[in-house]
Structures are given as C-alpha cells and as structure tokens.
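Note on naming: letters A, B, ... go to the chains in the order of the sequence lines (proteins, then strands), and numbering restarts at 1 for each one. Note that the structure is a prediction, hence the values are computed from the model and not measured.
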Amino acid sequence: MARECRCKPAVDASGNRSRSCAAASSGPVVGLGGRRCTAAQTVRSPGQLRPPVEMPMRLSRYFLPVLKETPAEAQIVSHQLMLRAGMIQQLSAGIYNWLPLGYNVLRKVEAIVHDEMQRAGAIPILMPTIQPADLWRESGRYEDYGKEMLRIKDRHERDMLYGPTNEENVTDIFRRHVQSFKQLPLNLYHIQWKFRDEVRPRFGVMRGREFLMKDAYSFDVDQAAAEAAYDNMFVAYLKTFKRMGLTAIPMRAETGPIGGNLSHEFQILASTGESAVYFDAAFEDVDFSAETFDVEVLKSLYAAADDKHDAAACPVPPERLKSGRGIEVGHIFYFGTKYAEPMDAAVIGPDGETRPVHMGSYGIGVSRLVGALIEANHDEKGIVWPESVAPFRVGLVDLRPDDATAHGLAMELYGKLEKAGIETLLDDREERAGAKFATMELIGLPWQVTVGPRGAKAGKVELKSRRSGETVELGPDALLQRLGA
RNA sequence: CGGGGCGUAGCGCAGCCUGGUAGCGCAUCUGCUUUGGGAGCAGAGGGUCGGGUGUUCGAAUCACCCCGCCCCGACCA
C-alpha cells in the first residue's frame with residue numbers, strides 16, 4: 001500500500017459557511033426541478049425515479065466542512081481526500097457518518113448499481129440489518145462465522161446478530177413462497193448496510209466495519225441454469241463498473257465463508273490498490289463498453305491477485321503478463337445447494353421430483369466503491385470525479401460576489417443551470433480566489449466555471465475541465481450549450 | 001488477537017523527561033485594508049489537558065486501572 005507522506009505543516013481547516021453575500025440573496029435557494037436521469041441510456045418513467053441525489057446548491061447554504069490539513073489518522077489517499085473534502089466523518093473505528101458531499105456520491109454509485117441490477121433482471125427487495133440467530137443455526141453458520149459476526153441479544157435474551165450477509169434470510173424468503181421450477185429463474189437483491197466486526201478496520205470506507213453492500217441472490221432449478229445466472233451477473237458487473245469509469249478485472253477467487261466452488265472477484269485497477277494483481281494482456285483488448293460479452297472467453301483469461309499468483313506456474317508468457325494494483329469491489333459465487341439443503345429450500349421440477357434449489361450470491365461493496373473511485377481518480381490537488389458519480393457536475397465559482405457585473409453574470413448562469421437541471425454547486429462564499437479554486441479542485445467536480453470581473457466585463461466566463469485542466473473562455477450562451485443546458 | 005504508538009481549543013501540534021495550575025499555528029468572531037490561486041494589520045472568544053484512583057502542599061506532567069483511536073502482523077466486500 002502506498003503511504004503518503006505524513007508531514008504536517010501547521011495549517012488547518014478553511015471554514016465552510018462564511019457569511020452569505022447579501023447581494024446574493026435574491027433568487028431561489030434550491031431548485032425543485034432539475035432532476036437528471038443518471039442513466040444516460042435509460043429513460044425512466046417518473047414513477048421509477050428515486051429521490052433526487054443532487055440539486056443545485058449554493059455553497060454558502062450548504063454543509064461542506066473541508067479541511068485544509070490532512071487529518072493524522074488517514075493513511076491512504078482516498079481516506080485523506082474523503083476527510084478533507086468533507087465527505088465523511090468517523091464516528092467509531094470503521095464506522096462513518098456520511099456528510100452531504102459523500103452521501104451524494106454514495107447515492108450516485110447506488111443508483112448505478114440499482115439500474116444495472118434491474119437491467120440484468122434482478123428484482124430489488126430490502127432485508128433487515130438485524131437477524132435472528134436461529135436462522136443462522138439452520139445453515140450452521142452461526143457457529144462457523146466467527147468473531148467477525150456482531151452478536152447481540154434483545155431484551156428477551158434472544159440471540160440476534162447484525163447481518164454480515166443475507167444468504168439465510170433470502171433463502172427463508174424463497175422457501176416460504178416458491179415451490180415450482182416454473183417460478184424460476186429468480187434473482188432477488190438488495191442494497192443494505194452490513195456489519196463485519198473486523199479486527200482492524202482501516203483505510204476509511206475501504207475497510208470499515210459497517211459498510212453498504214449490494215447483494216443479489218439467484219435461484220435456479222439446476223446447476224446449468226445457475227451457471228447461466230452466474231454468467232449474467234458476471235456481465236452485469238463488468239457493465240456496472242465500466243459505467244463508473246472503472247476497469248474491473250474478473251479473477252478466479254476463493255469462496256471463503258460463503259462457500260461453493262465457483263467464484264470470481266472483481267478488482268479495479270488503481271495505482272494505490274491494496275494488492276498486486278497479474279493479468280493477461282488480452283484484458284486490455286476487451287471492450288468493456290460492449291453490450292454483450294463472451295463470458296467463457298473472459299473466464300478463461302488468466303488473472304490473479306498476488307497471493308494466488310505463482311510466477312513459475314503462470315500459464316501466461318511473461319511478455320503477455322501485465323501487473324498492477326487492484327482493489328476488490330465485487331465478488332460473485334455459485335454455491336449450489338449449500339444453503340438450500342440444510343434450510344430445505346426446494347422446488348418441484350418438470351419431472352415431478354422435488355430438488356433443492358441451486359443458488360449463487362453476488363456482492364458489490366457500494367460504500368467501498370466510493371473510496372476505490374477516489375483511489376483510481378485523483379491528483380495532487382484532490383479528487384477527480386468521473387461524471388457518472390460526481391456529487392455535482394458543475395462547480396460555479398462566483399469569484400467576486402461584491403463585483404456587480406461578475407456577480408450578476410454568475411447568478412444569471414446559476415439560475416439557468418438550475419432551470420436546466422444541471423447539478424451545480426455555486427461557490428458564493430466571501431473567500432479569496434485561491435481558496436475557492438483550491439476547494440473546487442479538492443472536491444473534484446468535473447467542470448469548473450469561473451465568473452470574475454475580468455472576464456465578465458467582456459461577457460466571458462472560463463470553463464475548466466478538472467480532469468484535463470484544459471481551460472476555455474467563452475460567452476454565457478456558448479457555455480450553457482457546452483454543458484447541455 | 002499478538003506487538004508498538006497516541007489521546008492537550010474545531011484541525012494540526014508543543015509542553016510531560018526535570019510537578020508550581022496551559023501555549024503555538026490554522027480555523028472562528030469584530031474592525032479596517034485587501035481581492036484571478038488557500039491575504040495583511042489590530043483586537044476578541046474558546047480547553048473538566050480521554051476518564052478514574054492514588055502520591056504530593058500542589059498533577060497535563062509521577063504511579064496504577066479503565067476507555068478510545070492509530071500503526072505493523074494474522075483476517076477480510
């Protein structure tokens with residue numbers, strides 16, 4: 001793990017929320033409309049919209065506690081930047097508060113995962129965080145799981161637990177309602193908080209004790225059908241990560257406490273990743289933007305994390321072997337009847353015979369992804385969000401709220417961006433130019449629009465790409481057009 | 001769970017060894033000046049020194065116990 005320098009110049013937090021500019025008090029504070037569909041290629045009916053994850057916002061009225069200084073406890077860059085950008089705040093070891101900016105990103109990631117799961121045919125449900133121990137005794141895992149499972153008692157001294165995963169729970173749902181192969185295939189998923197009492201939580205949300213996870217569970221009549229369901233999820237994962245601007249390499253994996261004999265983990269490549277990974281150069285030729293994939297080909301390509309990689313036994317010739325660092329963000333399993341048998345989840349097949357259902361489970365670390373995204377997208381100045389998960393798309397810098405021309409133009413643009421439903425964060429604080437630019441770069445919004453007296457006089461504003469650093473001067477109309485307003 | 005370290009103002013730290021009742025930078029508040037890359041000057045506010053017990057005339061400082069957090073290792077979405 002790359003460690004950042006821990007030198008600490010004696011400086012600190014630039015404040016949020018300086019007084020709001022009196023001159024800026026006209027106009028609506030928050031737009032009610034302006035909901036953008038995060039899935040560019042999907043059109044949802046209004047009934048399918050989830051609560052808005054972003055609204056135009058002015059910084060003087062927002063809650064963005066940015067830190068000028070890197071807190072001592074953060075070791076890796078994503079943790080440092082999440083703290084500095086006011087995204088999260090630790091409440092206890094491995095347990096975090098999600099502040100507005102971080103929560104925005106978390107919901108963006110969540111929305112993409114939801115969308116891709118449903119496109120793949122999985123059906124959303126919601127299972128509880130607290131589960132009765134008896135259910136886990138049925139599968140034998142109450143005894144097997146070990147100290148990672150947080151065991152608690154209710155007031156009646158009944159054994160309960162804060163779920164580290166939900167195989168038993170979903171199997172119980174299944175067995176109570178499904179009797180026939182005709183009701184298959186079925187894939188139920190949810191996005192819910194989990195708790196694993198890690199001995200040593202670290203790296204911020206990358207390895208917390210409480211974490212948000214998407215877990216899907218497939219039910220099929222036999223192994224062949226279950227493996228098709230597995231492949232279906234395999235492809236959905238590639239699409240999901242691609243949509244977040246990440247390259248995820250599927251690797252053969254151990255099944256651990258989930259069990260089973262077929263498993264892949266998905267590692268995204270980031271220079272500061274937790275483990276070294278080795279993979280066939282052929283992965284670099286894969287078009288992850290594709291709609292369809294040849295799963296058999298992808299499964300056959302070599303890829304392994306360092307603990308499973310043996311240079312001597314590696315089937316890939318050295319000149320075709322690539323290496324990098326990876327972060328595990330997803331893990332899929334086929335485990336057959338491991339839970340169905342002890343828990344008596346069975347269906348009647350076409351032949352009239354009753355047989356245990358074949359299952360698989362498919363996890364994505366949603367909260368971990370927020371950290372992983374930063375590991376894969378940052379520079380020395382701060383975060384560089386991919387557009388699909390950015391907390392706001394545009395950062396509008398009202399450079400001099402006291403300059404009538406510049407301020408007027410900034411507010412006009414803000415109003416138009418708001419009306420067009422473009423997620424915009426307006427920096428209307430009474431701060432110096434440097435502080436405003438530094439904040440924008442730290443929080444990493446994809447597009448920065450600077451409106452200052454210099455340009456405003458000539459009817460020009462500045463548009464800057466956070467990622468490339470490229471800057472263009474253009475008029476307000478051209479700007480709005482560029483941003484799709 | 002083994003080994004190590006740290007808890008002093010919102011953040012980052014000094015003071016502790018050698019006990020005498022708390023300090024620096026940033027942030028915050030007020031005023032003036034400044035204003036395209038984390039401003040300057042002047043003034044102000046803010047701390048049961050993680051908690052408890054003990055030693056002492058006196059404890060941030062010494063001793064013991066507890067709690068919390070961080071790092072290395074074993075373990076993991």
*asked:* Suppose you measure atom P in B/C1 against the same atom in B/U8; what distance do you get, rounded to whole Å?
replied: 25 Å
*Do A/Tyr339 and A/Glu138 meet the criterion of a side-chain donor-acceptor pair at a distance under 3.5 Å?*
no
*When you get a sec, tell me which of B/G38, B/G37, B/A77 is the closest nucleotide to the side chain of A/Glu198?*
B/A77
*Pair A/His264 + A/Phe234: ring centers closer than 6.0 Å*: yes
*Go through the steps for A/Tyr142 and A/Asp144 under the test side chain to side chain donor-acceptor pair (under 3.5 Å), then give the verdict.*
CA-CA 6 Å; A/Tyr142 189 69; A/Asp144 293 350; over 6 Å; no
*Output yes when at least one side-chain N/O atom of A/Arg432 is less than 4.0 Å from OP1 or OP2 of B/A39, else no.*
yes
*asked:* Below the 4.0 Å mark, does B/C72 have OP1 or OP2 next to a side-chain nitrogen or oxygen of A/Arg200?
replied: yes
*Going by modelled atom types, is there a donor-acceptor pair between the base of B/G36 and the side chain of A/Glu462 at under 3.5 Å?*
yes
*Using whole Å, report how far CD of A/Gln89 lies from P of B/C69.*
14 Å
*asked:* What is the distance, to the nearest angstrom, from the CD atom on A/Glu430 to the C1' atom on B/G31?
replied: 15 Å
*asked:* What is the separation between atom CZ on A/Arg207 and atom C1' on B/C75, rounded to the nearest whole Å?
replied: 6 Å
*Base, sugar-phosphate, or nothing for A/Ser92, non-hydrogen atoms under 4.0 angstrom?*
sugar-phosphate
_Does A/Gly146 reach a base, just sugar-phosphate, or nothing at all? Heavy atoms under 4.0 Å._
nothing
*Could you work out the separation of B/A60 and B/G51 based on their P atoms and round it to a whole Å?*
10 Å
*Distance, rounded to the nearest Å, where A/Glu73 contributes CD and B/G5 contributes C1'*: 15 Å
*For B/G4 versus B/G12, give the span between their C1' atoms, rounded off to a whole number of Å.*
23 Å
*B/U61 and B/G7, which share atom name C1', separated by this distance in whole Å*: 15 Å
*Mind calculating the distance between CE (A/Met440) and P (B/G36) to the nearest angstrom?*
17 Å
*Counting just side-chain N and O atoms, does A/Gln75 come under 4.0 Å of either OP1 or OP2 of B/C72?*
no
_Contact nearer the 5' end of RNA chain B, comparing A/Lys381 with A/Val329_ = A/Lys381
*According to the interplanar angle, ranging from 0 to 90°, do the rings of A/Trp136 and A/Tyr145 count as parallel (below 30°), tilted (30 to 60°) or perpendicular (above 60°)?*
perpendicular
*Please give the nucleotide sitting opposite B/C49 as a Watson-Crick or G-U wobble pair, both distances under 3.5 Å, or none.*
none
*Below 6.0 angstrom between ring centroids: does that apply to A/Tyr237 and A/Phe266?*
yes
_Under 5.5 Å and under 30°: A/Phe211 stacked on B/A77_ = yes
*Hey, are the side chains of A/Val451 and A/Arg400 touching, using non-hydrogen atoms and a 4.5 Å cut-off?*
no
*Nearest-Å distance once atom P is located in both B/G37 and B/C49*: 44 Å
*Between B/G38, B/C69, B/G36, which nucleotide has the shortest distance from any of its atoms to the side chain of A/Gln90?*
B/C69
*Identified pairing partner of B/G68, criterion: Watson-Crick or G-U wobble below 3.5 Å*: B/C6
*Indicate, with a heavy-atom threshold strictly under 4.0 Å, whether A/Gly94 touches base, sugar-phosphate, or nothing.*
nothing
*How is A/Ala438 classified with respect to the nucleic acid when contacts are heavy atoms under 4.0 Å: base, sugar-phosphate, or nothing?*
base
*So what does A/Arg209 touch, heavy atoms closer than 4.0 Å: a base, only the sugar-phosphate, or nothing?*
nothing
*side chain to side chain donor-acceptor pair (under 3.5 Å) contacts in which one or both residues fall within residues 446-463 of chain A, not counting sequence neighbours*: A/Glu387-A/Trp447
_Let's go through A/Tyr189 and A/Gln118 carefully: what are the C-alpha distance in whole Å and the side-chain angles of both, what is the deciding distance for side chain to side chain donor-acceptor pair (under 3.5 Å) to 0.1 Å, and is it a yes or a no?_
CA-CA 9 Å; A/Tyr189 82 97; A/Gln118 289 171 237; 3.0 Å; yes
*Residues forming a side chain to side chain donor-acceptor pair (under 3.5 Å) with A/Asn187, sequence neighbours excluded*: none
*What nucleotide among B/G36, B/C70, B/G38 has an atom nearest to a side-chain atom of A/Thr439?*
B/G38
*Would you kindly give the CD1-to-P distance between A/Ile191 and B/A77, to the nearest whole Å?*
18 Å
*For B/C11 versus B/C16, give the span between their P atoms, rounded off to a whole number of Å.*
23 Å
*asked:* From C-beta outward on A/Lys68, which listed nucleotide comes closest to its side chain: B/C1, B/C13, B/G38?
replied: B/G38
*asked:* Students often get this wrong, so: under 4.0 angstrom with heavy atoms, is A/Gly363 touching a base, only sugar-phosphate, or nothing?
replied: nothing
*Should B/G20 form a Watson-Crick or G-U wobble pair with both distances under 3.5 Å, which nucleotide is its partner?*
B/C57
*Among the candidates B/C1, B/G36, B/G38, find the nucleotide nearest to the side-chain atoms of A/Ala433.*
B/G36
*In whole Å, what separates the P atom of B/C75 from that of B/G68?*
25 Å
*Starting at atom CD1 of A/Ile95, determine the distance to atom P of B/C70, rounded to an integer number of angstrom.*
11 Å
*Taking only N and O in the side chain of A/Lys147, is any of them less than 4.0 Å away from OP1 or OP2 of B/C1?*
yes
*Quickly work out the A/Arg454 CZ to B/G37 C1' distance and round it to whole Å.*
11 Å
*From the options B/U35, B/A74, B/G37, select the nucleotide whose nearest atom is closest to the side chain of A/Arg202.*
B/A74
*Counter-base of B/A39, judged by Watson-Crick or G-U geometry with both distances under 3.5 Å*: B/U33
*Comparing A/Val451 and A/Ile364 on RNA chain B - which has the more 5′ nearest nucleotide*: A/Val451
*Check every strand shown and say whether A/Lys457 touches a base, only sugar-phosphate, or nothing at a heavy-atom separation below 4.0 Å.*
nothing
_Distance check, C1' atoms only: B/G50 and B/C70, in whole angstrom units._
15 Å
_Please name the nucleotide paired to B/G25 by Watson-Crick or G-U wobble geometry with both distances under 3.5 Å, or report none._
B/C11
